[in-house]
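Quick caveat: nothing in here was measured; it's all calculated off a predicted structure. The basis for the numbers below is simple: all heavy atoms, side chains too, and nothing from hydrogens, waters or symmetry mates.
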Amino acid sequence: MTIEVLPQEFSVCKVADVSALTLASPFSFSAWTDNECSLVCPSETAPSLSRYREDGWRAMRIVGLLAFSMVGVLAYITRIMADADISVFALSTFDTDYWLVKEDRLERAISVLEADGCTVIVKNAID
């Protein structure tokens, strides 16, 4: 499995005013429920009026398209991270899975993924 580490820092936010959100920029993930509105986005685009905001996350994703019929892909990733005592914040899109780890755990996350046979590509610049 090939995994890509995205170059930018991400923030996880709980927002009060959804009208302030800019969802058209790349790497913006949002979820609205009856209890909250959460946003994951590059830290530089995070809304300043967040109820809560946690910075310092780095994102990884599986390279390629994942069919909906594939079973256990995210469970495989989260098992590797859990066995290494690394917390994750998981997200999925139509095409693939993403997960975030805290910046101070990134090198360890890469190391354990590679030790388990994954190829990890670290992007150094934003395309």
Side-chain angles (χ1 to χ4, degrees):
M1 179 179 305
T2 302
I3 294 166
E4 181 178 46
V5 179
L6 301 179
Q8 60 269 69
E9 177 185 304
F10 285 81
S11 295
V12 178
C13 307
K14 184 174 183 179
V15 296
D17 182 8
V18 296
S19 67
L21 300 184
T22 304
L23 300 178
S25 62
F27 301 111
S28 293
F29 300 89
S30 61
W32 287 277
T33 71
D34 58 339
N35 293 321
E36 69 175 299
C37 176
S38 293
L39 174 69
V40 177
C41 62
S43 296
E44 64 192 29
T45 64
S48 59
L49 297 177
S50 298
R51 282 188 179 169
Y52 302 100
R53 175 177 167 172
E54 187 167 326
D55 298 325
W57 293 91
R58 291 293 300 276
M60 303 171 125
R61 66 177 165 197
I62 298 170
V63 175
L65 303 178
L66 298 177
F68 284 112
S69 60
M70 292 181 73
V71 176
V73 176
L74 196 53
Y76 163 74
I77 295 296
T78 57
R79 179 196 50 81
I80 293 170
M81 297 293 105
D83 288 349
D85 198 32
I86 300 170
S87 297
V88 301
F89 189 101
L91 304 157
S92 295
T93 64
F94 194 90
D95 289 341
T96 195
D97 292 326
Y98 291 75
W99 62 99
L100 288 78
V101 299
K102 292 299 281 190
E103 178 79 42
D104 64 350
R105 304 295 285 160
L106 180 63
E107 290 303 319
R108 175 82 174 124
I110 291 169
S111 179
V112 297
L113 287 165
E114 289 176 334
D116 206 70
C118 296
T119 300
V120 180
I121 300 165
V122 179
K123 290 185 73 173
N124 293 318
I126 300 169
D127 294 332

Subject >> Distance (rounded to the nearest 0.5 Å) between Leu113 CG and Thr2 OG1 >> reply: 11.5 Å
**OP:** Report yes if some heavy atom in the side chain of Arg53 is under 4.5 Å from a heavy atom in the side chain of Val15; otherwise report no.
**Re:** no
Subject >> Pairs meeting criterion side chain to side chain donor-acceptor pair (under 3.5 Å) with involvement of residues 107-120, two or more places apart >> reply: Tyr76-Asp116
Original post:
What's the verdict on side-chain contact (heavy atoms from CB on, under 4.5 Å) for Arg61 and Phe27, showing C-alpha distance, side-chain angles and the deciding distance?
Top reply: CA-CA 11 Å; Arg61 66 177 165 197; Phe27 301 111; 3.6 Å; yes
Original post:
Which distance, rounded to the nearest 0.5 Å, do you find between the OG of Ser43 and the CZ of Arg58?
Top reply: 10.5 Å
**OP:** Identify the two heavy atoms, one from Ser92 and one from Asp97, that lie closest to each other, and give their separation to 0.1 Å.
**Re:** OG-OD1, 2.6 Å
Original post:
Between Thr33 and Asn35, is there a donor-acceptor pair closer than 3.5 Å when you use the side chain of the first and the backbone of the second?
Top reply: yes
**OP:** Kindly indicate whether the side chain of Ile77, heavy atoms from C-beta on, has any atom under 4.5 Å from the side chain of Ile3.
**Re:** yes
Original post:
If you draw a 6.0 Å radius around CZ in Arg51, do more than 12 non-hydrogen atoms from other residues or ligands fall strictly inside?
Top reply: no
**OP:** Check whether any side-chain N or O of Glu9 sits under 3.5 Å from a backbone N or O of Gly56 as a donor-acceptor pair, and report yes or no.
**Re:** yes
**OP:** Decide yes or no for Val112 and Asp83: does some side-chain heavy atom of the first lie under 4.5 Å from some side-chain heavy atom of the second?
**Re:** no
Original post:
With a 6.0 Å cut-off on ring centres, are Tyr98 and Phe29 close enough?
Top reply: yes
Subject >> Partner set under salt bridge (charged side-chain N to carboxylate O under 4.0 Å, His left out) for Arg105, not counting sequence neighbours >> reply: none
Subject >> Same apolar cluster (I L V M F W Y, side chains within < 4.5 Å links), Ile121/Met1 >> reply: no
Original post:
Can you hop from Tyr52 to Trp32 via hydrophobic side chains spaced under 4.5 Å?
Top reply: no
Subject >> Separation between CG of Asp95 and CD1 of Ile62, rounded to the nearest 0.5 Å >> reply: 12.0 Å
Original post:
Is the shortest heavy-atom distance from the side chain of Lys123 to the side chain of Glu4 under 4.5 Å?
Top reply: yes
Original post:
Does a sphere of radius 6.0 Å around CG in Asp85 hold more than 12 heavy atoms from other residues, nucleotides or ligands, not counting ones at 6.0 Å or beyond?
Top reply: no
Original post:
Between Lys102 (side chain) and Asp55 (backbone), is there a donor-acceptor pair under 3.5 Å?
Top reply: yes
Original post:
Judged by atom type as modelled, is there a donor-acceptor pair below 3.5 Å linking the side chain of Ser38 to the main-chain atoms of Ala31?
Top reply: no
Original post:
Distance from Trp57 atom CH2 to Leu6 atom CG, nearest 0.5 Å?
Top reply: 15.0 Å
**OP:** Kindly indicate, with the supporting measurements, whether the criterion side-chain contact (heavy atoms from CB on, under 4.5 Å) is fulfilled by Val73 and Thr96.
**Re:** CA-CA 10 Å; Val73 176; Thr96 195; over 6 Å; no
